[in-house]
Amino acid sequence: MSGQPNEEALQGDRLLLAIETSCDETSVAVVRNGREVLSNIVSSQIDTHRRFGGVVPEIASRKHVETVTVIVEEAVREAGIGLSDVGAVAVTQGPGLIGALLVGVVAAKSLALALDVPLIGTHHIAGHIYANRLVGDILYPSVALVVSGGHTEIVLLEAEGKFRVVGRTRDDAVGEAYDKVARALQFPYPGGPHVDKLAREAKEEVALPRSWLEPDSYDFSFSGLKSAVLAEINRSRMKGETPDFSALARGFQQSVIDVVTGKAIRAARQFGARQLMLCGGVAANRGLRERLTELCEETGMPLLVPPNKLCTDNAAMIAAAADLKWRRGQFSTLDMKAEAVLSLEDWSV
């Protein structure tokens, strides 16, 4: 085990420094008592990866190496503290790109060892879910709709820190589907915001299929929807017509939104949730946020959604989830490994 819990910190202010390097953002945050964000610095690599049309893992890892020390220093400075004030160090252990994760894990281990404070390996999706705790109280049992670049899941939280995945994608995650459709619509990476904007501005809509799967399933599948968009583009071109990209964007977005919101509301009802949470990078999609808000108002289901800056990958959300472990004295050892595939349910407190 790295370090020992500071009893004074556990009884008073808990200053936790968190590091997030799971994909293409290098982020470091300092959070007090699991809820008060003193700093949350994010260095994005979008401009670097845009020329390749997506994230290149080797380049992402190298960029993390170049920036993580600088971002740690900036986060500490902005928080107005010294490193000696930090009571624990948290880091994204997984899931994510293994090379990118390793950079953060090595940096966090080094800090924890040098400061002689506890190390807390943290689950990336737990971070997305508990980003909601930075803006409001989470009521249990609760259901979280996780929509990000690599994950689309419905997660039941029966109690604080107790996760049960009741639905997951069987192929493309929502974010992946958006990026692939955006590429077909000739938008640059990342394409999701472009598709969202075009869909909301569209006057027409191309009717596209909804993949509901089995009647009682909470799983998702978007590969067929992506193929349907490509088929519509090819059909138009074979007729010598120009594809109506805006109508296609609207049809695609409406199909995605209908399925994910419909299943989330149904899950919340079935499991007796007191609250529905929206989280993950795609939670910044305006069309999705607006429709889910409407449905929750219609059904009387309380909805909790973080602001956009806390939806995309950031270290403050990692700190919020890590605080669950800190309060229970559940720390990681210095031989902790980065894990590209890490079970959310096994990470439960």
Side-chain angles (χ1 to χ4, degrees), residues 1-3 14-32 34-45 55 57 60-79 81-131 134 148 281 309-310 312-326 330-340 342 347:
M1 181 180 295
S2 171
R14 301 185 305 280
L15 286 179
L16 190 149
L17 184 146
I19 299 173
E20 152 63 23
T21 62
S22 65
C23 191
D24 61 339
E25 280 93 14
T26 310
S27 181
V28 180
V30 177
V31 175
R32 178 186 284 131
R35 303 195 70 162
E36 183 184 353
V37 180
L38 302 184
S39 64
N40 189 25
I41 309 300
V42 181
S43 175
S44 174
Q45 301 176 12
V55 178
S61 302
R62 182 171 297 180
K63 286 293 182 181
H64 288 312
V65 171
E66 293 174 356
T67 59
V68 68
T69 301
V70 175
I71 301 302
V72 167
E73 292 173 351
E74 186 175 348
V76 169
R77 183 169 57 252
E78 183 172 301
I81 66 168
L83 275 175
S84 60
D85 298 319
V86 171
V89 176
V91 64
T92 304
Q93 181 181 1
L97 301 176
I98 189 62
L101 289 168
L102 280 168
V103 177
V105 166
V106 170
K109 286 181 178 181
S110 301
L111 270 175
L113 184 61
L115 299 174
D116 191 28
V117 297
L119 173 70
I120 307 172
T122 308
H123 197 286
H124 183 74
I125 300 304
H128 275 306
I129 293 171
Y130 272 86
L134 297 172
S148 71
K309 65 182 180 180
L310 293 177
T312 52
D313 291 351
N314 68 91
M317 71 181 196
I318 300 303
D323 189 66
L324 300 174
K325 298 276 189 178
W326 193 1
Q330 298 175 352
F331 305 122
S332 304
T333 57
L334 286 174
D335 61 357
M336 178 191 78
K337 298 178 181 178
E339 298 188 37
L342 183 65
W347 189 83

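No hydrogens, no waters, no symmetry mates; every other heavy atom, side chains included, goes into these values. Sequence positions, counted from 1, serve as the residue numbers for this chain. These numbers were taken from a predicted model, which means no experiment stands behind them.
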*For residues Val91 and Ala108, report the shortest heavy-atom separation together with the two atoms involved.*
CB-CB, 3.5 Å
*Pro95 versus Leu101, closest heavy-atom pair with distance*: C-CD1, 4.0 Å
*About how many Å separate CD of Glu74 and CD1 of Ile41, when rounded to the nearest 0.5 Å?*
4.5 Å
_I'd like to know if the side chain of Trp326 reaches the main chain of Arg14, judged simply by a donor and an acceptor atom lying under 3.5 Å from each other, with no hydrogens or angles considered._
no
*For Ala316 and Leu310, which heavy atoms make the closest approach, and how far apart are they?*
CB-CD2, 4.2 Å
*If you round to the nearest 0.5 Å, how far is CD1 of Ile98 from OG of Ser61?*
9.0 Å
*Atom CG of Leu119 and atom CG of Leu113: how far apart are they, to the nearest 0.5 Å?*
10.0 Å
*Can you check whether Asn314's main-chain N or O pairs, donor with acceptor, with Ser27's side chain at less than 3.5 Å?*
no
*In chain order, what residues pass the ring pair (Phe, Tyr, Trp, His ring centres under 6.0 Å) check against His128, with sequence neighbours excluded?*
His124
*List the steps, then state whether side chain to side chain contact (heavy atoms under 4.5 Å, CB included) holds for Val86 with Val30.*
CA-CA 8 Å; Val86 171; Val30 177; 5.6 Å; no
*Just by distance, do the side chain of Lys309 and the backbone of Asn40 share a donor-acceptor pair under 3.5 Å?*
no
*Minimum-distance pair of heavy atoms, taken over all atoms of Ala321 and Thr122*: CB-CG2, 3.8 Å
_Interatomic spacing from CG in Leu17 to CD1 in Ile318 - rounded to 0.5 Å_ = 12.5 Å
*Gap separating the CD1 atom of Ile19 from the NZ atom of Lys109, nearest 0.5 angstrom*: 12.5 Å
*asked:* The criterion is salt bridge (charged side-chain N to carboxylate O under 4.0 Å, His left out); which residues satisfy it with Glu78, sequence neighbours excluded?
replied: none
_Test: salt bridge (charged side-chain N to carboxylate O under 4.0 Å, His left out). Region: residues 36-45. Which pairs qualify, not counting sequence neighbours?_
Arg32-Glu36
*asked:* Looking at Val68, is its backbone amide N or carbonyl O close enough to the side chain of Thr26 to form a donor-acceptor pair, meaning the two atoms are under 3.5 Å apart?
replied: no
*asked:* With a 3.5 Å distance limit and no angle check, can you tell me whether Glu73 reaches the backbone of Ala75 through a side-chain donor-acceptor pair?
replied: no
_Nearest heavy atoms of Gly127 and Met317, plus distance in Å_ = O-CB, 3.1 Å
*Only counting residues at least two apart or in another chain, list the ones meeting ring pair (Phe, Tyr, Trp, His ring centres under 6.0 Å) with His123.*
none
*Short side-chain to backbone donor-acceptor contact, Gln93 and Val105, under 3.5 Å*: no
_Minimum heavy-atom distance between Ala112 and Pro118, given as atom pair plus value_ = CB-O, 4.3 Å
*Begin with the C-alpha distance, continue with both residues' side-chain angles, and end with the deciding distance and a verdict on side chain to side chain contact (heavy atoms under 4.5 Å, CB included) for Cys23 and Val55.*
CA-CA 8 Å; Cys23 191; Val55 178; 4.1 Å; yes
*Only counting residues at least two apart or in another chain, list the ones meeting salt bridge (charged side-chain N to carboxylate O under 4.0 Å, His left out) with Glu66.*
Lys63
*Should the heavy atoms of other residues, nucleotides or ligands under 6.0 Å from CZ of Arg62 be counted, would the total exceed 12?*
no
*So how far is it from Glu339 CD to Thr92 OG1, rounded to the nearest 0.5 Å?*
13.0 Å
_With heavy-atom distances below 4.5 Å as the criterion, would you say the side chains of Leu111 and Leu83 are in contact?_
yes
*I would like to know whether Val89 and Leu16 meet side chain to side chain contact (heavy atoms under 4.5 Å, CB included); could you show each step before the answer?*
CA-CA 6 Å; Val89 176; Leu16 190 149; over 6 Å; no
*Residues in side-chain hydrogen bond (donor to acceptor under 3.5 Å, both in side chains) with Gln330, at least two apart?*
none
*When you measure from the side chain of Asp323 to the backbone N and O of Ala320, does any donor-acceptor pair fall under 3.5 Å?*
no
